[in-house]
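Throughout, residue positions are numbered sequentially from 1 according to the sequence presented. The figures here come from the full heavy-atom set of this structure, side chains too, leaving out hydrogens, waters and symmetry mates.
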Amino acid sequence: FSSRRRHTRFKCDWSSDVCSSDLVVENMLLAAQRNPGDHLWSLPFVGKRKRFEAAARERSLDLLEQVGLTKLADDYAGILSGGQRKLLDLARAMMAQPQALLLDEPFAGVNPKLVETLVEVLQQLRKEHELTILLVEHDLETVMAISDKVVVMAQGTPIAEGIPNSIYENEAVIEAYLGSRRGSAS
């Protein structure tokens with residue numbers, strides 16, 4: 001056994017492995033970490049399991065409130081819209097109490113109103129939970145609005161790094177994504 005402290009990380013790939021036939025809150029409970037009920041040896045310790053389940057349910061409801069899904073906690077997850085599923089995925093990821101969260105294109109295929117909601121929720125979660133977020137995203141405006149630091153890659157290679165405003169002025173970024181500024185006049 002290792003005595004080193006475990007660092008919890010959680011990846012959210014937005015492919016949504018939500019259990020449609022379970023309630024929203026039950027989906028949250030499935031993501032709870034270190035459940036004593038997961039081990040056969042814990043069967044005699046009913047009190048410990050019940051305390052864990054009560055605390056996990058309380059945390060679930062708190063996270064659902066933070067992402068704006070409290071009213072849907074006792075509804076089936078299968079009736080959630082695509083945007084609500086993304087919020088549920090995010091809340092489920094937070095059940096692991098991660099220090100870092102990797103989000104792979106969370107704004108892809110999302111309407112502008114939901115993008116605003118997701119950005120607000122991410123900013124709130126980052127602040128309240130002292131969370132580091134690694135965001136892989138192609139929506140440059142949204143990336144610039146939410147990020148403290150940006151790394152731009154082209155063909156798998158970093159071409160620029162810095163604060164959001166500096167990226168807009170970076171020649172390598174302009175060349176790679178907007179084409180050359182130079183005109184064809186000689």
Do side-chain atoms of E53 reach the backbone of K50 as a donor and acceptor pair under 3.5 angstrom?
no
Roughly how far, to the nearest 0.5 Å, is CG of L135 from CD of E105?
9.5 Å
In one Ile/Leu/Val/Met/Phe/Trp/Tyr side-chain cluster, 4.5 Å: V151, I174:
no
Gap between atom CD of Q99 and atom CD of E130 - 0.5 Å precision
10.0 Å
With a 4.5 Å heavy-atom cut-off, do L131 and M94 have their side chains touching?
yes
Taking the side chain from S147 and the backbone from V150, do they hold a donor-acceptor pair closer than 3.5 Å?
no
Inter-residue atom distance L90.CG - R85.CZ, 0.5 Å rounding:
15.5 Å
Can you sort out the partners of E161 under salt bridge (Lys or Arg N to Asp or Glu O under 4.0 Å), two or more places apart, ordered by chain and number?
K149
Do I133 and L122 have side chains that approach each other closer than 4.5 Å (heavy atoms only, starting at C-beta)?
yes
When clusters are formed by joining ILVMFWY residues with side-chain heavy atoms under 4.5 Å apart, either directly or through shared neighbours, do I163 and L140 land in the same one?
no
Who pairs with Q155 by side chain to side chain contact (heavy atoms under 4.5 Å, CB included), at least two apart in sequence or on another chain?
none
Test item: L88 and V67 side chains (from C-beta on) under 4.5 Å apart, heavy atoms:
no
Mind checking the CD1-CD spacing from I146 to E137? Nearest 0.5 Å is all I need.
9.5 Å
E65 meets the side-chain hydrogen bond (donor to acceptor under 3.5 Å, both in side chains) criterion, sequence neighbours left out, with none
Distance from M95 atom CE to L64 atom CG, nearest 0.5 Å?
9.0 Å
Indicate if M153 and F107 have the same hydrophobic cluster label, given that clusters are the connected sets of ILVMFWY residues with side-chain heavy-atom separations under 4.5 angstrom.
no
Could you tell me if the side chain of L87 sits less than 4.5 Å from the side chain of V121, heavy atoms only?
yes
So, using side-chain hydrogen bond (donor to acceptor under 3.5 Å, both in side chains) as the criterion, who are the partners of Q66 when residues are at least two apart?
D62, H129
What residues, two or more places apart in sequence or in another chain, satisfy side chain to side chain contact (heavy atoms under 4.5 Å, CB included) together with N170?
A160, A172, V173
Side-chain contact test, heavy atoms from C-beta onward, threshold under 4.5 Å: evaluate it for V25 versus D74 and give yes or no.
yes
Could you give all pairs that pass the side-chain hydrogen bond (donor to acceptor under 3.5 Å, both in side chains) test and reach residues 113-124, with sequence neighbours left out?
Q124-E128
